[in-house]
Number of protein chains: 2
Amino acid sequence: MTRGVRLTPIRYQVLELIWGSHKAVKAYDLLDRIKPLQPMAKPATVYRALDFLIEQGLIHRVESLNAFIGCSYSGQQHEQLLLICKLCHEVEERAAEKVMKTLAREMKQLAFVAHSKSIEIHGICIKCAQPMVNQT
Amino acid sequence: MTRGVRLTPIRYQVLELIWGSHKAVKAYDLLDRIKPLQPMAKPATVYRALDFLIEQGLIHRVESLNAFIGCSYSGQQHEQLLLICKLCHEVEERAAEKVMKTLAREMKQLAFVAHSKSIEIHGICIKCAQPMVNQT
DNA sequence: AATTGAAATGTTATGGTATAACATTTCAAT
DNA sequence: ATTGAAATGTTATACCATAACATTTCAATT
């Protein structure tokens with residue numbers, strides 16, 4: 001039986017597109033952008049690749065945007081929060097260990113067994129806030 | 001100019017339906033369920049009511065479910081996390097002040113100005129875990 | 001009581017997101 | 001060469017959400 005995980009051309013192309021953007025990417029935008037490479041591509045093509053990449057921990061789904069972002073800590077731990085800038089739309093991933101620890105303590109206290117977490121913060125990133133400061 | 005906020009029949013009916021459920025409710029389910037009361041109702045009818053109720057802080061959108069849940073702390077603070085049980089599908093809202101404080105500290109350190117937060121934890125709630133324990 | 005203007009609702013249409021179901025192909029292990 | 005699971009192709013459809021414009025409601029004003 002084959003046991004190796006296969007990063008096929010389609011999957012790789014989707015991954016490249018996602019990793020090439022610091023903004024979250026939408027499934028149908030991905031579809032448009034892989035069509036030149038994979039003229040046969042249809043929604044299912046993209047969604048299957050996305051499912052695979054998420055399973056492998058190579059990308060994350062951004063629930064509040066219905067979009068996808070490359071994982072900055074691939075292979076490592078899998079607790080992170082996402083900082084989503086309303087201005088530049090860039091998404092930053094942070095491990096935020098203290099937050100996660102506090103959260104874990106809280107869950108334990110409530111006897112809630114967490115399987116997965118979606119922590120998404122919308123606001124203004126430092127790069128977008130800085131220029132405003134300079135306009136004194 | 002009218003300044004009072006108006007909880008019209010449609011809005012009230014939608015709110016009642018959402019508050020009557022401990023599970024997150026989908027927009028089109030709401031549509032089906034208000035149709036007996038409001039035969040004219042269409043998707044926009046429901047989505048407008050939902051927008052209003054969210055603005056007023058009476059309900060929350062559950063991003064990871066594309067669904068809506070009543071707010072347990074209406075009118076008060078508005079930092080909360082949602083615990084979503086995979087088994088019974090009930091959603092519990094928690095203020096989790098320690099978590100929020102830790103998160104605020106983290107945001108400050110990163111100079112990220114948070115406007116809104118979506119913190120959704122999927123797992124098994126205490127009520128659903130308990131029965132398993134009893135099956136010794 | 002009539003006027004008025006904003007808020008709310010009615011209505012039609014469409015766009016965006018995602019998956020089910022079944023057919024076919026690929027590919028590594030045998 | 002065979003084979004069987006994984007991947008992909010293909011068609012269809014379901015689900016989620018909003019745009020745009022028409023009409024109605026209703027409280028404040030005249």
Side-chain angles (χ1 to χ4, degrees), chain A residues 1-18 21 23-56 58-69 84 89 118 120 122, chain B residues 1-18 21 23-56 58-69 84 89 118 120 122:
Chain A
M1 198 215 274
T2 313
R3 227 356 314 127
V5 153
R6 291 157 67 192
L7 191 57
T8 60
I10 288 177
R11 290 166 173 177
Y12 185 73
Q13 285 158 12
V14 170
L15 182 58
E16 268 192 317
L17 287 172
I18 293 176
S21 169
K23 305 177 189 182
V25 190
K26 303 230 146 204
Y28 278 74
D29 289 347
L30 286 169
L31 179 55
D32 291 341
R33 297 172 63 192
I34 60 160
K35 265 186 180 156
L37 308 168
Q38 302 282 345
M40 303 301 174
K42 304 218 166 21
T45 316
V46 169
Y47 280 104
R48 281 169 182 155
L50 291 169
D51 287 345
F52 171 84
L53 296 170
I54 289 169
E55 256 169 35
Q56 301 305 316
L58 297 170
I59 66 171
H60 297 295
R61 185 180 155 78
V62 187
E63 299 290 354
S64 56
L65 297 177
N66 292 338
F68 304 86
I69 190 81
I84 302 155
H89 301 111
S118 162
E120 302 177 3
H122 290 255
Chain B
M1 195 216 275
T2 313
R3 229 351 320 124
V5 154
R6 292 158 66 192
L7 190 57
T8 61
I10 288 177
R11 290 166 172 177
Y12 185 73
Q13 284 158 12
V14 170
L15 181 59
E16 268 193 316
L17 287 173
I18 293 175
S21 170
K23 304 177 190 181
V25 190
K26 303 232 146 203
Y28 277 74
D29 289 347
L30 287 169
L31 179 54
D32 290 341
R33 296 172 62 193
I34 59 159
K35 265 186 179 157
L37 308 168
Q38 301 282 346
M40 304 301 174
K42 305 221 166 18
T45 316
V46 170
Y47 280 104
R48 281 169 182 156
L50 290 169
D51 287 346
F52 171 84
L53 296 170
I54 289 169
E55 255 170 35
Q56 300 305 316
L58 297 170
I59 65 171
H60 297 297
R61 185 180 155 79
V62 187
E63 300 290 353
S64 56
L65 297 178
N66 292 339
F68 304 86
I69 189 82
I84 302 156
H89 301 111
S118 162
E120 303 177 3
H122 291 255

**Message:** On DNA chain C, does the nearest nucleotide to A/L65 precede the nearest nucleotide to B/K42 from the 5' side, or the other way round? Give the residue.
**Reply:** B/K42

**Prompt:** Whole Å only: how far is the CG atom of B/L31 from the C1' atom of C/dT11?
**Reply:** 14 Å

**Prompt:** Given that B/A41 and B/N66 both sit by DNA chain C, which one's nearest nucleotide is further toward the 5' end?
**Reply:** B/A41

Output side-chain donor-acceptor pairs under 3.5 Å for residues 39-55 of chain A, partner residues at least two apart or in another chain, one line each.
{"residue": "A/K42", "atom": "NZ", "partner": "A/M40", "partner atom": "O", "Å": "3.0"}
{"residue": "A/T45", "atom": "OG1", "partner": "A/K42", "partner atom": "N", "Å": "2.8"}
{"residue": "A/T45", "atom": "OG1", "partner": "A/K42", "partner atom": "O", "Å": "3.1"}

**Prompt:** With pairs taken as Watson-Crick or G-U wobble and both distances under 3.5 angstrom, which stems of at least three consecutive pairs involve DNA chain C?
**Reply:** C:1-30 with D:1-30

**Message:** I need the CD-C1' distance between A/Q56 and D/dA7, as an integer number of Å.
**Reply:** 14 Å

**Prompt:** CG of A/L30 versus P of C/dA18: gap in Å, rounded?
**Reply:** 11 Å

**Spacing between A/E63 atom CD and D/dA17 atom P, to the nearest angstrom** = 12 Å

**Prompt:** C/dA29 C1' sits how many Å from A/R6 CZ, rounded?
**Reply:** 12 Å

**Message:** Please confirm whether the shortest side-chain N or O distance from A/T8 to OP1 or OP2 of D/dT8 is below 4.0 Å.
**Reply:** yes

**Message:** Give me the atom names and distance for the closest heavy-atom approach of A/I69 to A/A24.
**Reply:** CD1-N, 3.8 Å

**Prompt:** Would one find a side-chain N or O of B/R11 under 4.0 angstrom from OP1 or OP2 of C/dA8?
**Reply:** yes

**Distance in Å, A/L15 CG paired with A/L7 CG, rounded so as to fall on 0.5 Å steps** = 6.0 Å

**Item:** Rounded distance in Å - CG (B/D29) to P (D/dC15)
**Value:** 9 Å

**Prompt:** Got a sec, which residues hit side chain to side chain donor-acceptor pair (under 3.5 Å) with A/E16, two or more places apart in sequence or on another chain?
**Reply:** none

**Request:** Report yes if the ring of B/Y28 lies under 5.5 Å from the six-membered base ring of D/dC16 with planes under 30°, and no otherwise.
**Result:** yes

**Message:** Any residue in residues 44-55 of chain A with a heavy atom nearer than 4.0 angstrom to DNA chain D? Just list them by number, or reply none.
**Reply:** A/A44, A/T45, A/R48

**Asked** Nearest to the side chain of A/P43 - D/dA7, C/dA18, D/dC16?
**Response** C/dA18

**Request:** Would you please name every residue forming a salt bridge (Lys or Arg N to Asp or Glu O under 4.0 Å) with A/E120, sequence neighbours left out?
**Result:** none

**Prompt:** For A/L37 and D/dG9, what is the distance between atoms CG and C1' respectively, to the nearest whole Å?
**Reply:** 17 Å

**B/R11: partners by salt bridge (Lys or Arg N to Asp or Glu O under 4.0 Å), with sequence neighbours left out** = none

**Message:** Between B/R61 and D/dC16, is there a contact of a side-chain N or O with OP1 or OP2 at under 4.0 Å?
**Reply:** no

